Every structure is written in C-alpha cells, then in structure tokens.
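Structure record follows, encoded as structure tokens.
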Number of protein chains: 2
Amino acid sequence: MNTKTKRLSSTDIARLAGVSQATVSRVLSGVDGVKPATREKVMAVVKQQGYRPNAFAQAMRTSLSSTVGVAVSRITNPIVPEILEELSRQFAANNRRVVVWNTDESGEESLIGSVESGMVDGVVFTAASHQTRAVQAALDAQIPIVSINRTVDGVDYDQVVSTNERGGEEVANYFVKCGKTRVAFVNGSLDRTTLVDREAGFRKGLEKAGLSLLPEFYFQRAFQENVFRQLGMDIGSSENRPQAIACGNDLIAIQVLNGLKAVGCRVPEDIWVVGFDGIEMSGWDIVDLTTVQQPIELMAKDAATMLMDRIAGRRGQTETRRYRSELVIRGSTGNQRV
Amino acid sequence: MNTKTKRLSSTDIARLAGVSQATVSRVLSGVDGVKPATREKVMAVVKQQGYRPNAFAQAMRTSLSSTVGVAVSRITNPIVPEILEELSRQFAANNRRVVVWNTDESGEESLIGSVESGMVDGVVFTAASHQTRAVQAALDAQIPIVSINRTVDGVDYDQVVSTNERGGEEVANYFVKCGKTRVAFVNGSLDRTTLVDREAGFRKGLEKAGLSLLPEFYFQRAFQENVFRQLGMDIGSSENRPQAIACGNDLIAIQVLNGLKAVGCRVPEDIWVVGFDGIEMSGWDIVDLTTVQQPIELMAKDAATMLMDRIAGRRGQTETRRYRSELVIRGSTGNQRV
DNA sequence: AGCAGAAATGAATACGTATACAATAGTAAT
DNA sequence: ATTACTATTGTATACGTATTCATTTCTGCT
C-alpha cells in the first residue's frame, strides 16, 4: 500500500520481454508485421505486469486524445441525462472518453480551456445558451463539433435538430381543433433556439387559424427555482384564465402543473397543459403530460456518429439532420384525440 | 477555414518573444524568479497568439492530468444529475476537468481503462453496483478515490455517507407511531449498500416495536423499465394490501406511485408511500412524496474536497464522514406528523 | 551452399512541456 | 574597480509513445 511503485513504461515491458520498445509499441497498437511468437511473448509480459500504455504520451505523440467533450446546461433538466446516456453509450462503445461540462456557471471557461489546450478531439453541444464563445473557441482550434437542437447564426457545423417549429404549430392546431381558442404560451429564456422556434411555430399555427396569441397570455421567464411554478399558481388562480397552456419544454410544463395543483386548479378539467421534448417522465402516470416528442435517443446517437466520423475525417460538407417530432396526447389534455 | 494551422508550442512563443522556451514555461506556470519586464513581454505574445499549453505534454511531464473521474450508474435517476451538478461546480472551480463514466453497460471497462492508463488523478464513485473491479483498479494504480454512499468491504478509502440505516429505522418508527402496522418494503438490487442498509434499518425499526416485515410484503426487484410500476399495480389491486409502503429510493417510490395510480389506488387515502433520497422532484406538488432526505449537495461538495485534498497529498488516514438524513413528511403520507 | 528478397526487429527521433543545472547579468559592499 | 554574491535567463534533458529508417533474420529458390 505504501510502496509507491512506479508505473511501467513500454520500455520496461520491452526489457522484460527481451525485445525493443518499438516492438512493444507495434504489438500494442496492433500493426501487422510482428511475428506471432514475438507478439505472444510481449503480450504475456503485458498481461502479467498489468501494463497499460500511458494515455498522455499516446495523445501527445498522435495528437489524438480519444476524448470527446459534451457541453450541457442545466444538467438537472431530465432531458439532459437522457441525451448523456445515449452519447456515453455510443462513445464508450468506440473507446472514447467523455468529458462533461456543465456550462451553467464557470463551466464555459473550463470548456474553452479544455478545447484550447487540445484536451478533446471533438465537442457535442446540446441545446443551450451561454456557449457561443465556446463554439467559437472550438472552431478556432479547428476541432470538429456537432450540435443537438442548437443553432448559432453565421457559423456552420454538423447539426441534429428536431422539427421544433413544426411541433409548435402542431400544438396550436391541436388546441384549435379541440375548440381551445383562449390559449397561452409559457416560455423560458429566448437564447435557446429550440424555445424560440417552438414559440414561433405555435404563433404561426394560431395565425393560420385566424387566431393570435394574446399578449396577456404570453409569459416569458428565465428558468429559475420555482419561477414557473409561481406562474402556474398565478394563471391557475386568475379569474380570466386561458383554456390551455403550451410550454416551451416539459420541465416548464411540469412546473406549471405544480403551480396549478398548488392552487387547486385541475388538469385537464379546468385547464389543459402541453409540454415539449417528450422526456421519459412525461409518460409517468403521475405526470401524464401531453407533449411534442422528439426521438432524442436517435438524435443523440446520430450526433455521436457524425462527430466520430468527422473526427476520423470521413465527412465532407457540414450537414443538418432533421428529425420529425410528434404530438403525444395524454391526460393533461384529457386524452382527447382529434 | 481550410488552412490547417498548426498549434503553437511554447518554443514558438519563445522564439516570437525572443526568450528561451524555459522562460516561457516559467512565466506560464507562474513560478517567481522571472523579471517582470520579461514576464510581460512573454504574456503579450501569449495573448496575441492565443497560445495555450498542450495539456497532454503537461500531463506527461508532471504526471498530473488535472482531470478527475466520476463513476455513476443509472444516470437517469434524478439524484445522479444532482450529484453531478455539485461535483462539476467544485471541480470546475478548481480547474479540473471531469470525466463521467456511466457504468451501466460497457462503462466499467472504459473506466478501468482510463484509470489504468493514468488518465485521471482521482475518482469519485457514487452509489452503484458493478464497479468493484474498477475500485480495485484504482487502488492498484494508487489513484485516490472517494465514494458517496457506497461501501466495499475489505478496502478502505475516503467515504461520504448518510445515515441510511438510521433513516430506514426512522421510516419504520413513523409508520408504527401512525398506526400503520401492515407495512411493505420495496427494494432494488441488493448490491448497493445504501439499499441494503435502508432495508436493514427498516426491519430493525419494526422489530424494536415488536413487529416484523412479512415475507409477502417484502419485494425485491432489479431496476428495469416499469418493473416497479407493475409492482405498484399488483400491490394496489391486491385484496389484502399493506397500509403503507417504504421504498429503497425515491425513484422506486415514484414508479410505485405510478402503478398505484394506474389501478386507481389513491395515495394517501388507500395507501401510504415513502421514498428515500430526497431528490428535488419528491418535493414537487404533483409528486409530494414523503421521503428520507439526505443533504446530497453537501455530501457531493465534501467528496470533491476530500478527493482534491488527497490528490494534493494533504490527507492522512482515510476517513468516513457521515451525514444525518431526515424524514420529510409530505402528502404521500397525508402530511401526518407524529 | 549461396543469394535475393521479404519479413521482422532494432535504433533513433520527435511530440511539448517542466526542471535541474550551467551560465550570465545585475547589485551591493569593500 | 574588484569581489562576492543574488537574480535572471539559457541549455540540456526526461517524460512515454509512435514511427521512420537502418539492420538483421528468415524464406525460398537456384
């Protein structure tokens, strides 16, 4: 326990196996041109000594880190772990480490630092706001990036998006067809393109039906502890409340549900609520939230693949892949189909 | 965009600043003994060129990676992001990168690989099951580790735990004092010490009151999609159901709530439910789950600090820090205080 | 057996940094 | 001005790997 044994190097293995360091390297990197007998002899020593190549020396020599970064914000929004799970699965299956940055606080500095110091071979940006400088840093460092549900004007990179605007429109259509004409929209910070697009689609849908979103029924707040719950309470206890509320994402919708419940406003009897994202939780019996679902696992998988392909130099033009989102009708709108 | 510019090295900076590479290194690592004028001259070039030291070369030279690993399992359990958020905050504030391994699938191999190849300076293990080999790998590699709510017999390392057994006992006492004598316990995989301890405490509490946990009211399942929801449905629709259910953690409890709701069994009127962990969601109005709350942020913060101290060689004996958990009474037990 | 050519291995080197050691410039005291 | 320092900078080297180039060892064939 106290005997601080030094890590073995390929040179040590070479000495023990009676070969040169170059041969050890060749064996471990799996190039051919090594005699099977030699290979076995080396591998025996490697196994016996539990040797692993030093990742940093490898990275320095090859300028490849085998590490990718994932930038997330608000990791406690349940959609983030869902994305992370799939990304981790894909990257782990391809022998890549995953560095996660939570860019809420000082995270962006850390991200930029890692990118600029060559720590990562590529970065996945997930829907988020305060990462514009980091995107620029990655572009400057000529490191491949992919984004999920996130767009920055004026720069082009591979993207995976869902049909956010169309989804918003679909919610509006649904409301209209069900006779809900006094409708509200609750949104978070407008620095996230997903939220902007969803709202735009919703407004467009209303307008196509000859309606419009009344200013007193439009609410925009920065995401903070209990802000949307309070909003739900306000809406639920107001005399002249809307018949239905559409929300920028599921987490907002759930907080609104909390607020409504807190003031005894019943869903769906007194008011309808619709979310956006289709997080797993939305399907729970105790949540039962109608939502616009996006195939988030597929999107994450796609993003991982695109990034790895680009890192390997297997891609040309940047590309934007669009996934169709889908309205899933549940109890928060009385399970009412159109 | 296409001009693949090479990264600059400290040697390049040295040349541009008219000094030696060693001086550049001295300036950037902040050692004293550099004339202020020289320092400024170098820094000017560094700034102008946007130079950042190569992280891998630094790591190789110093054998310090400035990276810590965090091993999690079931990242979609909401307590995990809560822990990750606090850990990220602490580590980012100390200029350390965070590598996250999701050890559900192939994750453990990846973890072991990273540890053995010297990728990380230390590892935080969060409550989990299939990481025993990884713990051993870290110990073998003499890399500092800290665990949160996790114990492996026979090996000693720094730990942060909450009073899991005592919490379980407290739930039993609560049930008994409220006159609930026909009680059930629903647990997940017993390879997690938290779950084992909570169950043990619950049983102990019952026994102290002269009761015992009936075999037909003890349920143990491996965590899988809808397993606990199905269990909730079974319990809720059985003729001879218990008066109250204690669960190994909040996520299990919530799935049980889902199942109960699905079969129209009302909480708390028909049956009580209690969770364990105190995830944020448990306090939501639409969940309103009585639970044993642990100060998870404090625990995560403590774990991060302990790990960094040990990496810096500032710690002696291994230590176990215990945090008091606390029963938080909510609607799933009718808000009934004792 | 001798030889050409292929196959396998070894020797040498570079990656970019931090640091021990050597060398130089600067300073104060005589 | 000379000495004896100290402060500052430069030179050289090592970290552990992958890879180029040179060298040796095998083959098969005559």
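Worth saying up front: this structure is predicted, and the values here are computed from it rather than measured. In what follows, chains are A, B, ... by sequence order, proteins preceding strands, each numbered from 1.
In summary, the side chains of Gln90(B) and Asn94(B) do not present any donor paired with an acceptor at a separation below 3.5 Å, with no hydrogens or angles considered. Side-chain atoms of Asp121(B) and Ser65(B) form a donor-acceptor pair, as typed in the model, at a separation below 3.5 Å.
In terms of phosphate contacts, Ser10(A) brings a side-chain nitrogen or oxygen within less than 4.0 Å of OP1 or OP2 of dT17(D). The shortest distance between the side-chain N/O atoms of Thr23(A) and the OP1/OP2 oxygens of dT9(C) is not below 4.0 Å. OP1 and OP2 of dG16(D) both lie 4.0 Å or more from every side-chain N or O belonging to Tyr51(A).
Atoms CD (Gln21(A)) and C1' (dT20(D)) sit 13 Å apart, rounded to a whole Å. Note: CG (Leu8(A)) to C1' (dG16(D)) measures 12 Å, nearest angstrom. Atom CG in Asp32(A) sits about 9 Å away from atom P in dA8(C), given to the nearest Å. Arg39(B) has its CZ atom 15 Å from the P atom of dA7(D), to the nearest Å. Rounded to whole angstrom, the span from the CZ atom of Arg52(B) across to the C1' atom of dT17(C) amounts to 15 Å. Rounded to an integer number of Å, the gap from Glu40(B) CD to dT8(D) P is 14 Å.
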Original post:
When you check every protein heavy atom under 4.0 Å of nucleotides 20-26 of chain C, what one-letter string (B, S, -) results, 5' to 3'?
Top reply: B------

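The side chain of Ser20(A) lies closest to dA11(C), out of dT11(D), dA11(C), dT17(D).
For residues 57-91 of chain A, no pair satisfies ring-ring contact (aromatic ring centres under 6.0 Å, His included), with sequence neighbours left out. Sorted by first and then second residue, the side-chain hydrogen bond (donor to acceptor under 3.5 Å, both in side chains) pairs with a member in residues 42-57 of chain A read Arg52(A)-Glu116(B); sequence neighbours excluded.
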List, one per line, each side-chain donor-acceptor pair under 3.5 Å for residues 305-315 of chain B, sequence neighbours excluded.
from: Thr305(B); atom 1: OG1; to: Lys301(B); atom 2: O; distance (Å): 2.9
from: Asp309(B); atom 1: OD1; to: Arg314(B); atom 2: NE; distance (Å): 3.1
from: Asp309(B); atom 1: OD1; to: Arg314(B); atom 2: NH2; distance (Å): 2.5
from: Arg310(B); atom 1: NE; to: Asp158(B); atom 2: OD2; distance (Å): 2.5
from: Arg310(B); atom 1: NH1; to: Gly316(B); atom 2: O; distance (Å): 3.2
from: Arg310(B); atom 1: NH2; to: Asp158(B); atom 2: OD1; distance (Å): 3.3
from: Arg310(B); atom 1: NH2; to: Asp158(B); atom 2: OD2; distance (Å): 3.1
from: Arg310(B); atom 1: NH2; to: Gly316(B); atom 2: O; distance (Å): 3.1
from: Arg310(B); atom 1: NH2; to: Gln317(B); atom 2: O; distance (Å): 3.2
from: Arg315(B); atom 1: NE; to: Asp158(B); atom 2: OD2; distance (Å): 3.4
from: Arg315(B); atom 1: NH2; to: Asp158(B); atom 2: OD1; distance (Å): 3.2
from: Arg315(B); atom 1: NH2; to: Glu319(B); atom 2: OE1; distance (Å): 2.7

Which pairs of donor and acceptor atoms, one on a side chain in residues 22-43 of chain A, lie under 3.5 Å apart (sequence neighbours left out)?
from: Thr23(A); atom 1: OG1; to: Ser20(A); atom 2: OG; distance (Å): 3.3
from: Ser29(A); atom 1: OG; to: Ser25(A); atom 2: O; distance (Å): 2.7
from: Arg39(A); atom 1: NH2; to: Val31(A); atom 2: O; distance (Å): 3.2

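Between Thr38(A) and Gln58(B), it is Thr38(A) whose nearest contact on DNA chain C lies nearer the 5' terminus. Across the interface with DNA chain D, nearest-nucleotide mapping of Val34(B) and Ser29(A) shows Val34(B) to be the residue nearer the 5′ end.
Residues satisfying the ring pair (Phe, Tyr, Trp, His ring centres under 6.0 Å) test with Phe125(A), not counting sequence neighbours, are none.
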